[in-house]
Participant: 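Handing you a structure now.
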There are 2 protein chains.
Amino acid sequence: MACSGGRERGAYHHGDLAAALVRATLEIVDEVGVRGFSVAEAARRTRVSPGAPYRHFADRDALLAAAALEVSRRLRAIHLEAMTTASSPHERLAAVAGSYVRAAAVHRGGFDLLFAPGLRTHHLELRDSTREFIDLLLPSAFEVVPPEQGAKAAVGLLEALSAVARGYVALLLDGVFGEPGAVAAEVAVRATRAARALVDGYGLPDTTPS
Amino acid sequence: MACSGGRERGAYHHGDLAAALVRATLEIVDEVGVRGFSVAEAARRTRVSPGAPYRHFADRDALLAAAALEVSRRLRAIHLEAMTTASSPHERLAAVAGSYVRAAAVHRGGFDLLFAPGLRTHHLELRDSTREFIDLLLPSAFEVVPPEQGAKAAVGLLEALSAVARGYVALLLDGVFGEPGAVAAEVAVRATRAARALVDGYGLPDTTPS
DNA sequence: AGACGAATGTGAGAGGCTCATACATCCAAT
DNA sequence: ATTGGATGTATGAGCCTCTCACATTCGTCT
């Protein structure tokens, strides 16, 4: 944990290769996407032999999954922030959808990773990240869904919200709306609106006195 | 274009290698996912030398994209069928979302392909497939959205519907709800409900300043 | 019919990647 | 100081993508 710079004179050992590899992986994926990523390149950028990464990660997918997990951690922080800026539970739910889309435009590579097929399935922690997302919002959902509909409806709403958010991000990153960076803000607005419509559809006709 | 079977005696030329490769690609992706796919394997299954595919497809991604395009064609047929079985425009919109999710569980490999990052971006026809999907449903959307909200609201609704459908499929295939094959039917129901909520939410008087 | 050019497939190979295995080096606990 | 375990290196097998020169066949033009 000591040397942060790189290759001191006797720096046979790296210090914290695992973390450095994850950082390199995020960089590479940002530049060339998951498909363009290679363990060898990550090793090269970390100034380490091609075999070294395999001391820390079982295989290519394990490194990618670790990087994806890091992304999901950062994303969680973003969600938390988005939640605090909203006032009503109504708005809080909608705002998270919007912030999700905005985050996608900025951290494209990260989402490439989060959505990469097969990674979530193999890595339990990663698969649970969606559930965490839901848990984070559960209190707000309970305030929005009429109590007589029960907890199941609240969870259903949150699943639907995850789905819209994720769906909009997918469409955005696919370029369906145009160059992602250029249209992200507007798409975020539309995603927010969709989320609001969803909340309305699941909840009572009017719960918001103006 | 004549021989369809395989290796007659003098079958130096294949007949329709391009189509056969696309078929093989779909098979392989169904079995081992996009990540496990290799052009070499597709060539092997088509009983052709490893270099042959490159006469028809510029590179690996081009073959994958062609396969994805084939999937999107089949999917379009599924959508059309789902639309005819629904009676009201309301139900029609919701039903397509459900059929999308059900289709995903059956043709997992196909969706792996459709959602593979980078393919859509590179292949124009593929990127337009989402827009086609929207065009397909536009008439129904116009019947559902109050006219005073204009065409933009109708398109917005359809985008939102695409997003939920796609989002639910993504969550399903990630295994968030459990083993995809087992939970698909139930998830389809929930997706349908979300779609209905969305349709209701957009049908309400506009609450958002644009 | 016969010949010729275009299309399509083959064979061999360069270069890169993943991952395994044996070996070198360094840290920490005794 | 020694020694055992963790970490990095060196090497290499096996697979993959994609290229290039060559072989084979098809369609077409005379």
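In what follows, every chain begins at residue 1, and chains take the letters A, B, ... in the order their sequences are listed. Quantities reported herein were computed from a predicted structural model and do not represent experimental measurements.
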Participant: Using whole Å, what does the distance between atom C1' of nucleotide D/dC26 and atom CG of B/Asp16 come to?
Facilitator: 15 Å
Participant: Is any NZ, NE, NH1 or NH2 atom of the basic residue among A/Arg131 and A/Glu159 found under 4.0 Å from an Asp or Glu carboxylate oxygen of the other?
Facilitator: yes
Participant: To the nearest 0.5 Å, how far apart are CD in B/Glu186 and CZ in B/Phe177?
Facilitator: 9.0 Å
Participant: Whole angstroms only, please: what is the CZ-P distance between B/Arg55 and D/dA23?
Facilitator: 14 Å
Participant: Go through B/Arg45 and B/Glu41 one step at a time and tell me if the salt bridge (charged side-chain N to carboxylate O under 4.0 Å, His left out) criterion holds.
Facilitator: CA-CA 6 Å; B/Arg45 295 204 186 186; B/Glu41 174 65 18; 2.9 Å; yes
Participant: Mind checking ring pair (Phe, Tyr, Trp, His ring centres under 6.0 Å) for A/Tyr100 and listing every partner two or more places apart, or none if nothing turns up?
Facilitator: A/His79, A/Phe111
Participant: Without decimals, in angstroms, what is the distance between A/Phe57 CZ and D/dA6 P?
Facilitator: 17 Å
Participant: OG1/B/Thr192 to CG/B/Leu93 distance, rounded to the nearest 0.5 angstrom?
Facilitator: 11.5 Å
Participant: Does the cation-pi check pass for A/Arg166 over A/Phe115, that is, NZ or CZ under 6.0 Å from the six-membered ring centre and within 45° of its axis?
Facilitator: yes
Participant: Counting primed atoms plus P, OP1 and OP2 as sugar-phosphate and everything else as base, spell out the protein contacts along nucleotides 12-18 of chain D at 4.0 Å heavy-atom distance: B, S or - for each nucleotide, 5' to 3'.
Facilitator: ----SSB
Participant: In this structure, how many angstroms lie between the P atom of C/dC19 and the CG atom of A/Leu63, rounded?
Facilitator: 10 Å
Participant: Distance check needed: C/dC17 C1' versus A/Ile28 CD1, whole Å only.
Facilitator: 13 Å
Participant: Check whether any side-chain N or O of B/His56 sits under 4.0 Å from OP1 or OP2 of C/dA7, and answer yes or no.
Facilitator: no
